Amino acid sequence: MRKLLFWVLGCFLIMPVNAQEKKDCEPSGFMSAAERNDSKELFKGADFSVTIIGSGNPLYNPERSGPSALVQFNGTTFLVDMGNGTRSQLEKLALTRRYGPDALLITHHHLDHNEEFIPMVHQQLMAGKSFLITGPPPIRKMTDYVVEFYREDLEYRMSNKGQSFDANNMNAVLKELEGDHSFTYKGVQITTTEVPHSIYTLAYRFDANGKSIVISGDLTYSSNLPKLAKGADVLVLDCQVIRKRGNGAQTQSVSRTSAQQGNASRTFRRENLAAAKSRPGNSVHATIEEGARMAAEAEVKTLVITHLPNVEIDQAATKAKIAEQFKGEVIIAGDFLTVSVDGKVFMLK
Ligand SMILES: [Zn+2]
Ligand SMILES: [Zn+2]
């Protein structure tokens, strides 16, 4: 009896605390979804831009989230890759739930690029917003897996909101892509091409209003990439950098990373891996020279270098090396760095 009394009293005491905790869990320090009319306001007047959500590589780095970039056109958002920390980063921008991305795009199935695919799909299905999923095979299998594995969980959570989950009538449009494709989604033309890496990899180009943004995916030198990125306003590129050493007098190129090579996909291209293994350092990522060459051949206006290691980067030396071939603007990415197609550069938060 005494135990029961404590339990009843405990419930009354706990209930208001939980309500307060829920309120305190809302993200603070950033513009919340409730504080703006739509996600367009977040992008500070830039109609068409790309934000680096995560500028890191597969190795955990508290300073750089895992690889991810958010292309935005008039408030419509396209999330390219979703490495470790992506959901946390999006939450800081209040770009989750009903403000979640309009499209989830994967360049390739290395863990550092699709690590948060499952929670992102789960979140989007819960939000009930229509969205696009695209990427190379086996993205359909992955999506089916998420739906099947979490069906009971989705049904339970949706029922808590007075809604039902119907796996046969989802709000997701799925496109499994290999090679060259072009299609329009929500007013933006999306074009893809294959680029060489250790597994099958796509690069994405986004065109709208005569402007363009390209995300390379992980790659080594490829003549495909300059063709895809021809004349683009912004090219976000996987490219090595120069590490600061000692007093900065000595520099060393940093290559990353061949650690993901064991994860073969259904469309695995053995020749790509064989070619990569014959490269200096076994690297399956563009050297500075290759990155500069691709940007120069593509004649892009702004080059954003990402997929960065956990080292102190010699920005001046890296930019000087790139300038030997590429004469446009060069930016070393950081998390939340945003570049618009008309050349504005700012931090999103
Ligand atoms: Zn990667
Ligand atoms: Zn990779």
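In each ligand, atom 1 is the first atom listed, and ligand 1 is the first ligand listed. Index from 1, following the sequence. Note that this is a predicted model, so its numbers are computed, not measured.
Taking the Zn ion (ligand 1) as the corner point, the angle from D112 atom OD2 to H113 atom NE2 is about 90° (rounded to 10 degrees). For the pair ND1 of H110 and OD2 of D218, the angle at the Zn ion (ligand 2) is about 170°; rounding is to 10 degrees.
Not one N, O or S atom of H285 sits under 2.8 Å from the Zn ion (ligand 1). Using a cut-off of 2.8 Å, one finds that H108 contributes an N/O/S atom close to the Zn ion (ligand 2).
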Using residues 133-146 as the side-chain source, report each donor-acceptor pair under 3.5 Å to any protein atom, sequence neighbours left out, with the distance given to one decimal.
{"from": "T134", "atom 1": "OG1", "to": "K175", "atom 2": "O", "distance (Å)": "2.9"}
{"from": "T143", "atom 1": "OG1", "to": "I139", "atom 2": "O", "distance (Å)": "2.8"}

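Take F131 and apply the ring-ring contact (aromatic ring centres under 6.0 Å, His included) test, not counting sequence neighbours, and it matches no residue.
Panel note: side chain Q124, backbone K129; no donor-acceptor pair is recorded below 3.5 Å.
Residue Q89 forms a side chain to side chain donor-acceptor pair (under 3.5 Å) with just one option from N84, T51, D335, and that option is D335.
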